[in-house]
Asker: 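After the structure tokens below, expect a handful of questions from me.
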Amino acid sequence: MGFFSTLLGIIGFGFGTSFGLLVGFFLFIYSKPKPVKEPITRSLYELDNDALLDILPDIPFWVKCPDYERVDWLNKFVADMWPYLDKAICAQIKCITEPMFAEYVGKFRIEAIEYDNLSLGTIPPEIHGLKVSESNEKQLVLEPAVRWAGNPNIVLALKLFSFRITVQLVDLQIFMAPRITLKPLVPTFPCFATVAVSLLEKPDVDFGMNILGGDIMAIPGLYQFVQKTIKRQVASLYIWPQTLEIPILDPATVAVKKPVGILHVNVVRAQKLLKKDLLGKSDPYVKLNLTGESLPSKKTTIKKRNLNPEWNEKFKLIVKDPGSQVLQLQVFDWDKVGNHDWLGMQFVPLKHLTPYETKEFKLDLLKHTYSQDPRDTKQRGKIVVELTYAPFREDSIKLDGTQDGYGRKESGFNRRYSETEVYSGAGLLSVLVQGAEDVEGERHSNPYAMVFFRGETKKTKMIKRTRDPLWSEEFHFMLEEPPLNEKIHIEVMSKRTGFGFRSKEHLGNVDINLTDVVHNGRINQKYHLIGSKNGVVHVAMKWTTE
């Protein structure tokens with residue numbers, strides 16, 4: 001009986017999963033529901049007690065709960081699609097259950113388990129209400145209330161002791177409240193990468209089971225036992241926060257890697273470099289960058305007429321994937337006219353570094369990446385670098401709210417620090433410009449945002465002909481010290497797409513104080529744009545330290 005109850009749980013949740021995926025997909029495509037004719041109603045005082053008790057369980061969620069919306073349009077769509085959904089869901093049920101049945105073959109004298117018939121019938125489920133939850137994260141959360149009193153035709157055949165026994169599932173009724181999360185939202189159709197499905201509460205499942213023509217659910221105590229078993233099986237797998245995740249898009253096509261740490265690079269020296277100048281000297285400098293990044297390379301100073309230069313210059317690089325990224329070092333001979341001469345190169349994979357441990361590398365310079373080339377016999381000298389990888393701390397400093405200092409819990413003790421002691425050291429300021437609302441120019445509305453901080457300027461893409469642009473672009477600023485008592489300036493501009501005078505137009509600006517970002521670790525707010533009547537800009541910022 002255990003695998004029968006498991007099968008029923010999978011059938012019910014398999015339907016909910018597939019149906020949830022369909023709901024999420026078409027909510028992105030269809031517009032608001034069309035008006036429908038109101039049903040003929042009767043006043044409640046005209047009904048007796050029995051009639052009231054009969055209708056109470058069937059009152060839809062959009063009546064009982066104001067935050068649930070009526071979705072008659074979606075029910076109409078499901079009804080038209082039901083013959084095709086039936087086949088798709090049944091194929092999924094077979095795919096999930098047949099490997100489970102195979103585990104029972106050979107046990108308990110069971111010779112085979114197979115479907116004689118598998119159909120969900122002609123009656124589609126109904127959505128009695130749909131709740132959409134807002135979130136600051138890049139995801140959409142849907143909570144439909146699904147009820148299904150169907151007429152499925154599910155017949156399972158067991159070969160036991162050379163006898164063939166058929167088990168038929170009849171009068172199946174399911175009520176479930178799934179939570180469907182579409183995440184993350186990405187600019188690639190269908191605009192979400194994964195569907196995560198979970199149940200907010202144990203589902204209500206009612207059914208009959210005919211074996212050899214008799215309903216065994218009529219046996220005293222058996223019905224309650226099966227009901228309890230199904231709920232326990234489903235709850236152990238899918239009750240929130242446990243989820244079933246269904247990938248929609250290839251993660252490689254939508255993954256946006258976030259910074260996870262800082263690579264400290266100390267370019268110490270080089271030795272016995274090649275002579276490139278006419279007087280038997282070179283003017284060397286080093287360019288360094290991490291693979292997988294489109295940021296400009298860092299450069300050391302130029303050491304004039306020196307084949308054994310000493311730099312001892314330190315740099316900080318943003319690390320997004322220490323398992324795959326590689327530090328690239330390139331040495332050039334500076335020339336006043338023409339291209340700079342190539343002296344050599346080397347690579348250091350970050351996977352060779354231990355977090356927080358400084359490691360010195362003495363590397364032979366190569367002509368190119370293929371170090372085993374037999375033609376590359378010329379000695380190009382050496383370069384010496386010191387590397388330290390410092391991952392960002394996940395735990396943020398907790399403030400105690402006192403006036404004369406700040407508190408931080410460390411190793412079980414509540415120590416007290418001054419602001420200077422706590423907020424010091426290098427870090428990364430991440431600025432995510434999510435979008436704007438109600439921005440409109442007098443001549444054109446093609447908005448883009450510009451971020452100004454410490455002499456650097458970052459710019460989002462331009463979105464044409466809209467008052468509510470969504471940019472979702474993130475910029476990073478590597479800082480030696482926390483930006484206490486500093487402000488970041490953001491301007492929303494519009495640019496004419498063709499030729500003409502007054503091609504640019506100012507739509508509003510805002511100055512955001514960064515002290516709260518340092519104190520709290522992150523902020524996510526909408527700010528009113530100065531110079532705009534109703535315009536706001538949505539910005540999320542994060543301060544991460546080593």
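As the structure is a computational prediction, the values presented were derived from the model and not from experiment.
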Asker: Quick check: does any side chain N or O of His528 sit under 3.5 Å from a backbone N or O of Gly535, one acting as donor and the other as acceptor?
Answerer: yes

Asker: To the nearest 0.5 Å, what is the distance between CG on Leu169 and CG on Leu156?
Answerer: 10.0 Å

Asker: Identify the heavy atoms of Val492 and Pro447 that sit nearest to each other, and give their distance.
Answerer: CG1-CB, 4.2 Å

Asker: Can you sort out the partners of Lys76 under side chain to side chain contact (heavy atoms under 4.5 Å, CB included), two or more places apart, ordered by chain and number?
Answerer: Asp80

Asker: Please check this pair: side chain of Asn151 against backbone of Thr122, looking for a donor-acceptor N/O pair closer than 3.5 Å.
Answerer: yes

Asker: Can you find a pair of side-chain heavy atoms, one from Leu507 and one from Leu529, that are under 4.5 Å apart?
Answerer: no

Asker: Do any N or O atoms from the side chain of Trp148 and from the backbone of Ile123 form a donor-acceptor pair under 3.5 angstrom?
Answerer: yes

Asker: Go through the steps to decide whether Met541 and Ile488 satisfy the test side-chain contact (heavy atoms from CB on, under 4.5 Å), and finish with yes or no.
Answerer: CA-CA 11 Å; Met541 289 188 283; Ile488 193 167; 4.1 Å; yes

Asker: Could you check if a side-chain atom of Tyr115 sits within less than 4.5 angstrom of a side-chain atom of Lys94, using non-hydrogen atoms only?
Answerer: yes

Asker: When you measure from the side chain of Asn520 to the backbone of Arg522, do you find a donor-acceptor pair of N or O atoms at a distance under 3.5 Å?
Answerer: no

Asker: Is there a side-chain contact between Leu85 and Pro83, using heavy atoms and a 4.5 Å cut-off?
Answerer: no

Asker: Per the side chain to side chain contact (heavy atoms under 4.5 Å, CB included) rule, which among Asp511, Thr460, Asn509, Val510 passes with Ile490?
Answerer: Val510

Asker: To the nearest 0.5 Å, tell me how far Ile463 CD1 sits from Leu470 CG.
Answerer: 6.5 Å

Asker: Could you check whether any side-chain N or O of Tyr356 sits under 3.5 Å from a backbone N or O of Pro391, counting only pairs where one atom can act as donor and the other as acceptor?
Answerer: yes

Asker: Please report the shortest heavy-atom distance between Tyr389 and Pro322, naming the atom on each side.
Answerer: OH-CG, 3.7 Å

Asker: So, does Asn446 use its side chain to make a donor-acceptor pair with the main chain of Arg465 at under 3.5 Å?
Answerer: yes

Asker: List the residues meeting side chain to side chain donor-acceptor pair (under 3.5 Å) with Asn117, not counting sequence neighbours, and say none if there are none.
Answerer: none

Asker: Using a strict 4.0 Å threshold on nitrogen-to-oxygen distance, state whether Glu143 and Arg179 make a salt bridge.
Answerer: yes

Asker: For Val518 versus Pro482, what's the shortest heavy-atom pair and its separation?
Answerer: CG1-CB, 3.9 Å

Asker: Does Leu429 reach the side chain of Leu514, with side-chain heavy atoms less than 4.5 Å apart?
Answerer: yes

Asker: Closest approach of Asp438 and Asn534, non-hydrogen atoms and distance?
Answerer: CB-O, 3.7 Å

Asker: For the residue pair Arg147 and Phe175, what are the closest heavy atoms and their distance?
Answerer: CG-CD1, 3.2 Å

Asker: Backbone N or O of Val439 within a donor-acceptor pair of the Ser532 side chain at under 3.5 Å?
Answerer: no

Asker: Distance check, rounded to the nearest 0.5 Å: Leu118 atom CG versus Lys87 atom NZ?
Answerer: 12.5 Å

Asker: Is any side-chain heavy atom of His476 closer than 4.5 Å to a side-chain heavy atom of Pro259?
Answerer: yes

Asker: Would the distance check show the side chain of Asn153 and the main-chain N or O of Ser119 forming a donor-acceptor pair, the cut-off being under 3.5 Å?
Answerer: no

Asker: Would you give the length of the straight line joining atom CG of Leu130 to atom CG of Leu142, rounded to the nearest 0.5 angstrom?
Answerer: 6.0 Å

Asker: Walk me through whether Ser494 and Tyr448 qualify under side-chain hydrogen bond (donor to acceptor under 3.5 Å, both in side chains).
Answerer: CA-CA 6 Å; Ser494 176; Tyr448 63 94; over 6 Å; no

Asker: Decide, yes or no, whether a salt bridge links Glu473 with Lys461 under the criterion of side-chain N to carboxylate O below 4.0 Å.
Answerer: yes

Asker: Working note: Val431 + Val539, criterion side-chain contact (heavy atoms from CB on, under 4.5 Å); need CA distance, chi angles, decisive distance, verdict.
Answerer: CA-CA 7 Å; Val431 181; Val539 181; 4.1 Å; yes

Asker: Return the CG to OG1 distance between Leu182 and Thr194, rounded to the nearest 0.5 Å.
Answerer: 9.5 Å

Asker: Check this for me: does any side-chain nitrogen of one of Asp116 and Arg164 sit under 4.0 Å from a carboxylate oxygen of the other?
Answerer: yes

Asker: Could you walk me through whether Thr466 and Asp468 pass the side-chain hydrogen bond (donor to acceptor under 3.5 Å, both in side chains) check?
Answerer: CA-CA 6 Å; Thr466 181; Asp468 304 303; 5.3 Å; no

Asker: So, is the end of the Lys458 side chain (NZ or CZ) under 6.0 Å from the ring centre of Phe477 and within 45° of the ring's axis?
Answerer: yes

Asker: Is any side-chain heavy atom of Asn524 closer than 4.5 Å to one of His538?
Answerer: yes

Asker: Hey, what do you get for OH (Tyr527) to CD (Gln525), rounding to the nearest 0.5 Å?
Answerer: 4.0 Å

Asker: With side chains defined as the heavy atoms from C-beta onward, is the minimum distance between Leu428 and Ile318 less than 4.5 Å?
Answerer: yes

Asker: Around Lys320, counting heavy atoms of other residues, nucleotides and ligands shown, do more than 12 lie under 6.0 Å from its NZ?
Answerer: yes

Asker: Of the non-hydrogen atoms in Asp86 and Leu120, which two are nearest, and what is the gap between them?
Answerer: OD1-N, 3.0 Å

Asker: Using the side-chain contact (heavy atoms from CB on, under 4.5 Å) rule, take Ile174 and Asp204 through it: C-alpha gap first, then chi angles, then the decisive distance, then the call.
Answerer: CA-CA 6 Å; Ile174 298 175; Asp204 289 327; over 6 Å; no

